[in-house]
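Data block below; observations after.
In what follows, chains carry the letters A, B, and so on, assigned in the order in which the sequence lines appear, proteins first and then strands, with residues in each chain numbered from 1.
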Number of protein chains: 2
Amino acid sequence: MENIQKNIGVNLKNIRKTRGYSLDTAADITGVSKAMLGQIERGESNPTVTTLWKIATGLQVSFSSLISEKPSDVLQVDLQAISPIIESNGNYRVYPTFPFDPRKKFEIFIVEIEPGCQHTADKHNEGVEEYVTVMTGKLDMHIGEQKIQIEQGNSLRFLANKAHTYKNSGSEIIRLQVVMYYP
Amino acid sequence: MENIQKNIGVNLKNIRKTRGYSLDTAADITGVSKAMLGQIERGESNPTVTTLWKIATGLQVSFSSLISEKPSDVLQVDLQAISPIIESNGNYRVYPTFPFDPRKKFEIFIVEIEPGCQHTADKHNEGVEEYVTVMTGKLDMHIGEQKIQIEQGNSLRFLANKAHTYKNSGSEIIRLQVVMYYP
DNA sequence: AATAGTTGTTTATTATAACGCACATATGTA
DNA sequence: TACATATGTGCGTTATAATAAACAACTATT
């Protein structure tokens, strides 16, 4: 979806027309000048959030009614296109495939660990859970006192309220899928 | 909910911090200057929709994630506070209690008709339905060729694809609740 | 036809969003 | 300690959002 301005314009005009408002009355109700309203409807202006706010509250519609986001039902993500977060001199790379969205309560990464590399993550907040699946390689983990070994294809879930370490003791690169859940 | 600017600020900062982005990298990804990003986070700026758009797409979050509308689960509407749409010299008054919202597919009015008054509505688009309930008085209606009388407390549903007339032949004011449905 | 009222657009002015650059303050590295 | 790198904030300039008022186009009423 390109060009929100145009989009907002048609939405606003629809709402206004459906109610039989003129630009004048709409300006009265919303407190936004009718010139501005006209320009917005024509997509000629780039309104600020406060003007949008005035319009939304004045017309008693939600913000989204003006924006009219159509969430694409299918989203394809190319790993190549993601710029990873680099740690441990490039031997530990994090690819945020589905980054955090406040409305959801989780995010998803792909993690690559080079042979010999080990990485320790600080403990996260109370209630945070990690769901780890090993795609390639064999993973050694330290979680608190426990030592755990996870074979390729296997998974692990743990409360991330204590420091934990990912380690590649093998000779092959490790690829993980990690789901972080925030309660 | 007051002051969206502040709201957007904390939302943006949350998202950015959760991902470990600096203002610099966030500026890189979104194409919005880091000075602007900083001001937005502090609630010192009043961003335009295009900057919000850049931020949302760059960070791969939805608009609403930044706005974080919390739709109030309960909304009380005071009839007195609604300025009616006047027709027939003030003898036919329409109070939009729940005005049209594109996401919903209906809107709700209260209609008041003075004794002796009659009002004809043009036909609406194909598929539009009206749900009329008589709150007080006795209503006479003409829908196409049909003549219908509706007693107090009773209701009527009809396809509004032909012109229709509301008429008050009694001596008491008529109050209607009308639900318009748009397919 | 002439007048008055309502519609949406255009113009000039002002307020301010957005930028780039410089500054300040950490945080680590030799 | 000194140096280096990266963090967020402040400042001056430019671009433009927002307003008010004048304008043009259309409708209705006498």
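Of the two residues near DNA chain D, A/Val49 and B/Lys34, the one whose nearest nucleotide lies more 5' is B/Lys34.
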_Between A/Glu172 and A/Lys138, does the salt bridge (Lys or Arg N to Asp or Glu O under 4.0 Å) criterion hold? Intermediate values first, please._
CA-CA 8 Å; A/Glu172 185 192 358; A/Lys138 191 197 298 186; over 6 Å; no
*Before giving the answer on side chain to side chain contact (heavy atoms under 4.5 Å, CB included), spell out for A/Ile143 and A/Leu159 the whole-Å C-alpha distance, their side-chain angles and the decisive distance to 0.1 Å.*
CA-CA 9 Å; A/Ile143 303 173; A/Leu159 287 170; over 6 Å; no
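For the pair B/Tyr21 OH and D/dT7 P, the interatomic distance rounds to 13 Å; values are reported in whole Å. Computed from coordinates, the B/Asn46 CG to C/dA17 P distance equals 5 Å when rounded to whole Å. Spacing between atom CD of A/Glu41 and atom C1' of C/dT7 amounts to 12 Å, rounded to whole angstrom units.
Of the candidate nucleotides C/dT10, D/dA18, D/dT9, D/dA18 has the atom nearest to the side chain of A/Pro47. Here the side chain of B/Val32 is nearest to one of C/dT9, C/dC19, D/dA18, namely C/dC19.
Between A/Ser33 and the phosphate of D/dA20, there is no side-chain N or O to OP1/OP2 separation shorter than 4.0 Å. The side chain of A/Lys17 contributes an N or O atom lying less than 4.0 Å from OP1 or OP2 of C/dG8. Listed pair B/Lys54 / C/dA17 fails the phosphate criterion, with no side-chain N or O lying under 4.0 Å from OP1 or OP2. Applying the 4.0 Å criterion to OP1 and OP2 of D/dT7, one finds that B/Arg16 has every side-chain N and O outside that range. Between A/Thr48 and D/dA18 there is a side-chain N or O to OP1 or OP2 distance below 4.0 Å.
Between A/Phe158 and A/His164, the ring-plane angle classifies as perpendicular under the 30° and 60° cut-offs.
A/Asn46 contributes a side-chain N or O that, together with a main-chain N or O of B/Thr50, makes up a donor-acceptor pair within less than 3.5 Å.
Counting any heavy atom pair closer than 4.0 Å across all strands shown, B/Ser22 reaches sugar-phosphate atoms only and no base atom.
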